[in-house]
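Heads up: the structure comes next, in structure tokens.
Source: prediction; values computed, not measured. The sequence lines fix the lettering, A, B, ..., with proteins before strands; numbering per chain opens at 1. In what follows, every heavy atom counts, from backbone to side chain, and hydrogens, waters and symmetry copies are set aside.
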Amino acid sequence: MDLILRTHYSGDINPEMAGSEILLAGWAHEIRDLGGICFLVLRDRKGLAQVTLVKKIVDTEMFKKVRSISRESVVQVRGEIKSESKAPHGFEILPKEINVLDMAKVPLPLDPTEKVECELDTRLDSRFMDIRRPSVLSIFEIVSSVLHAIRDFFYSQNITEVFTPKIVAAATEGGTDLFPISYFEKEAFLNQSPQLYKQMLMAAGMDRVFEIGPIFRAEEHDTRKHLNEAISIDIEVSFADENDVMAMLENAIASAYKHVKENCQRQLEILNLDLVVPNIPFKKITYTEAIELAKNDKSVPIQWGDDLDTETEKFLGGIIGEHYFLTEWPSSIKPYYTLQYEDRPKICRGFDLMHPRMELASGAQRVHDLQMLTQRIKDKGLEPESFEFYLDAFKYGMPPHSGWGLGLSRLVMTMLDLENIRDAVIFPRDRRRLVP
RNA sequence: GUCCGGAUGGUGUAGUGGCCUAUCAUGAAAGCCUGUCGAGCUUUCGACCCGGGUCCGAAUCCCGGUCCGGGCGCCA
């Protein structure tokens, strides 16, 4: 679609286009006034373009106007491309017309040219300005590319995209860590996972579904890898076991890396990253093996049946050094809907996908037998009555099924080696931040 | 939640009892400059989180608060 205010982006221009007249629109990234010559660097989402004004040649009014433009003002430039070895990227724009569409106030809340460092908190307070910084914009363009790749992968596997409700009734999964909201005359909650709804769609015969959407967790955690609102990439597949969906998961991850490497070269360059596509299949390590490994190292002993603490996660990540699956977890620390091994009920067919830095996804072969599921709910100290809408779906023919949920921002964070998950979310929601 | 650390111009920082009329960079304002590309040069502007206390004297020490960062916990 052609837009009236722009014919090209900065990044689309090359010296071979010399002589053609174009229309650029963007922000005044920098204005360098050397006296007899003045450079206006225009920035748009694809890069920078130098607009060169020679005092003797251009209109006096235009020269004066450019010198008075404040940084980050929105400008539109009509001009001719000139091949010029002295200019960045070998070209410059000789302007015929410059319009200031909106003048930016001074001072700026942070420096979009990235010359001066800025703390994350300051950046998040002025996120709109922060995203003008090319490296920050690159991250979010890569997030989009990851989603594109994963959606493509799902569609190639004939998986149907669905949406499930984010506003749910009380006590669906215990209730302690859900955000309560007011819903007309009723109390409601923000859903912490599409889990139960995905499973109900297996009973509906949708066969394989995926959902990419927000999840909400009311835990008061305060770390660099947790948020209270996150985007979860979830799938559920009928007539599949945990190994089938683990294969889908590693393929989804690998295709995301590949797609980013092939389609986001400019962004990766800005971020100074040499992306390495992980090899699949990923290693599989059982929980029991992991505990044995950790026992050799740990100062504080870890016991079979404990959930893995941060120290153990880091230790395992350090010795394994790449993505891996943790399988065969104790049934006691996995949710009620995780299927136990028939011959060894102490362990179950749940798995976690780990990156050396942190957990990225978890999934399982699900319980599809109503009686067993009801018992498991009771065993976990929960009330089957609260799950009636869910359990009903298991009464009239539920196929065996498996699935997983993957944290989008954690995937991006580990892919791009970001220090804080907030760097991978445009407007993050954490224990303290509700604005912007 | 808990432990540790921190809060200084718009932004990022130096300064741990008097040498602070507070450092440096960036920025902003004015001026010089025809090839900058983190341009350069000259002049100027702009800050000690809030409240209480100790002291002749507090950005600096103490107490309380607020906010921020890091570790851990929590994360069916």
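With both ends at atom C1', the span from B:G46 to B:G27 equals 10 Å, rounded to whole Å. On the C1' atoms, B:A58 is 38 Å away from B:G73, given to the nearest whole Å. The same atom, C1', is picked in B:A22 and in B:G17; the two are 15 Å apart, to the nearest Å. For the C1' atoms, the distance linking B:A28 with B:A47 amounts to 15 Å, nearest Å. Nucleotides B:A59 and B:G18, compared at atom C1', are 13 Å apart to the nearest Å. The gap from the P atom of B:U54 to that of B:A14 amounts to 31 Å, rounded to the nearest Å. Distance noted for atom P between B:C75 and B:U16: 44 Å (whole Å). For the C1' atoms, the distance linking B:U2 with B:U8 amounts to 29 Å, nearest Å.
In this entry the distance linking CH2 of A:W329 with P of B:A76 reads 11 Å, nearest Å. Atoms NZ (A:K314) and C1' (B:G70) sit 10 Å apart, rounded to a whole Å. Rounded to whole angstrom, the span from the CD1 atom of A:I215 across to the P atom of B:C75 amounts to 15 Å. For the pair A:F216 CZ and B:A76 P, the computed distance is 17 Å after rounding to whole Å. Between the CZ atom of A:R376 and the P atom of B:A76 there is a distance of 14 Å, given to the nearest Å. Straight-line distance from the OH atom of A:Y197 to the P atom of B:A76: 19 Å, rounded to whole Å. A straight line from CE of A:M129 to P of B:G27 spans 15 Å, rounded to a whole angstrom. Atom CD in A:E30 sits roughly 12 Å away from atom P in B:U26 (whole-Å rounding).
Closest approach of A:V367 and A:Y336 over heavy atoms only: CG2-O, 3.7 Å. Minimum interatomic distance between A:M398 and A:A393 (heavy atoms only, all atoms of both residues): CE-O, 3.9 Å. Of all non-hydrogen atoms in A:I142 and A:Q267, the two that sit nearest each other are CD1-CB, 3.8 Å. Scanning all heavy atoms of the two residues, the minimum distance from A:V146 to A:A256 falls at CG1-CB, 4.1 Å. The nearest pair of heavy atoms linking A:A252 to A:I150 is O-CG1, 3.9 Å. A:K334 and A:F351 get closest at one heavy-atom pair: NZ-O, 4.3 Å.
For A:H89 and A:R410, each mapped to the nucleotide of RNA chain B holding its nearest heavy atom, the one lying further toward the 5' end belongs to A:H89. Nucleotides of RNA chain B nearest to A:K380 and A:T223 differ in position, and the one nearer the 5' end is that of A:T223.
In the model, A:T122 has no side-chain atom that pairs as donor or acceptor with a side-chain atom of A:D125 under 3.5 Å. Side-chain N/O atoms of A:T113 and A:E30 include no donor and acceptor closer than 3.5 Å.
Contact between the side-chain N/O atoms of A:K225 and the OP1/OP2 oxygens of B:G73 is not found at any separation under 4.0 Å. Between A:N228 and B:C75 there is no side-chain N or O to OP1 or OP2 distance below 4.0 Å. At least one side-chain nitrogen or oxygen of A:K115 sits closer than 4.0 Å to the OP1 or OP2 atom of B:A39. Put simply, A:T310 has a side-chain N or O that comes within less than 4.0 Å of OP1 or OP2 on B:G73.
A:T374 is not listed as a side-chain neighbour of A:F387, based on a closest heavy-atom distance of 4.5 Å or more.
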Where do N or O atoms of nucleotides 10-13 of chain B meet protein N or O atoms at under 3.5 Å, pair by pair?
{"unit_1": "B:G10", "atom_1": "O2'", "unit_2": "A:L108", "atom_2": "O", "d": "3.1"}
{"unit_1": "B:U11", "atom_1": "O2'", "unit_2": "A:E117", "atom_2": "O", "d": "3.1"}
{"unit_1": "B:G12", "atom_1": "OP1", "unit_2": "A:E119", "atom_2": "N", "d": "3.3"}
{"unit_1": "B:G12", "atom_1": "OP1", "unit_2": "A:T122", "atom_2": "OG1", "d": "2.8"}
{"unit_1": "B:G12", "atom_1": "O4'", "unit_2": "A:E117", "atom_2": "O", "d": "3.0"}

Check nucleotides 1-4 of chain B for protein N or O atoms closer than 3.5 Å to its own N or O atoms and list the pairs.
{"unit_1": "B:G1", "atom_1": "OP2", "unit_2": "A:E220", "atom_2": "OE1", "d": "3.3"}

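Counting non-hydrogen atoms under 4.0 angstrom, A:N420 reaches the backbone sugars and phosphates but no base.
In this structure a side-chain-to-backbone donor-acceptor pair under 3.5 Å is present from A:S73 to A:A104. With hydrogens and angles ignored, the 3.5 Å screen pairs a side-chain donor or acceptor of A:D430 with a backbone N or O of A:R433.
Between A:R71 and A:D111 a salt bridge is recorded (basic side-chain N to carboxylate O distance below 4.0 Å). Here A:D222 does not pair with A:R431 in a salt bridge; the nearest charged N to carboxylate O distance is not below 4.0 Å. A salt bridge does not link A:E311 to A:K314: none of the charged side-chain nitrogens sits closer than 4.0 Å to a carboxylate oxygen.
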Walk me through whether A:Q195 and A:Q199 qualify under side chain to side chain donor-acceptor pair (under 3.5 Å). CA-CA 6 Å; A:Q195 182 59 32; A:Q199 289 191 260; 3.0 Å; yes

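Aromatic ring orientation, A:H323 versus A:F282: parallel (interplanar angle below 30°, classes split at 30° and 60°). Taking the six-membered ring where tryptophan is involved, the planes of A:F394 and A:H401 are tilted, since the angle between them lies from 30° to 60°.
A:H29 meets the ring pair (Phe, Tyr, Trp, His ring centres under 6.0 Å) test with no other residue; sequence neighbours excluded.
Within a heavy-atom distance below 4.0 Å of RNA chain B, no residue of residues 316-328 of chain A is found.
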Along nucleotides 29-36 of chain B, 5' to 3', which nucleotides get a B, which get an S, and which get a -, given that the test is a protein heavy-atom distance under 4.0 Å? ----BBBB

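Taking a pair as Watson-Crick or G-U wobble with both distances under 3.5 Å, the runs of three or more consecutive pairs in RNA chain B are B:1-7 with B:66-72, B:10-12 with B:24-26, B:27-32 with B:40-45, B:49-53 with B:61-65.
On a pure distance criterion of 3.5 Å, no polar donor-acceptor pair joins the side chain of A:Y336 and the base of B:A76.
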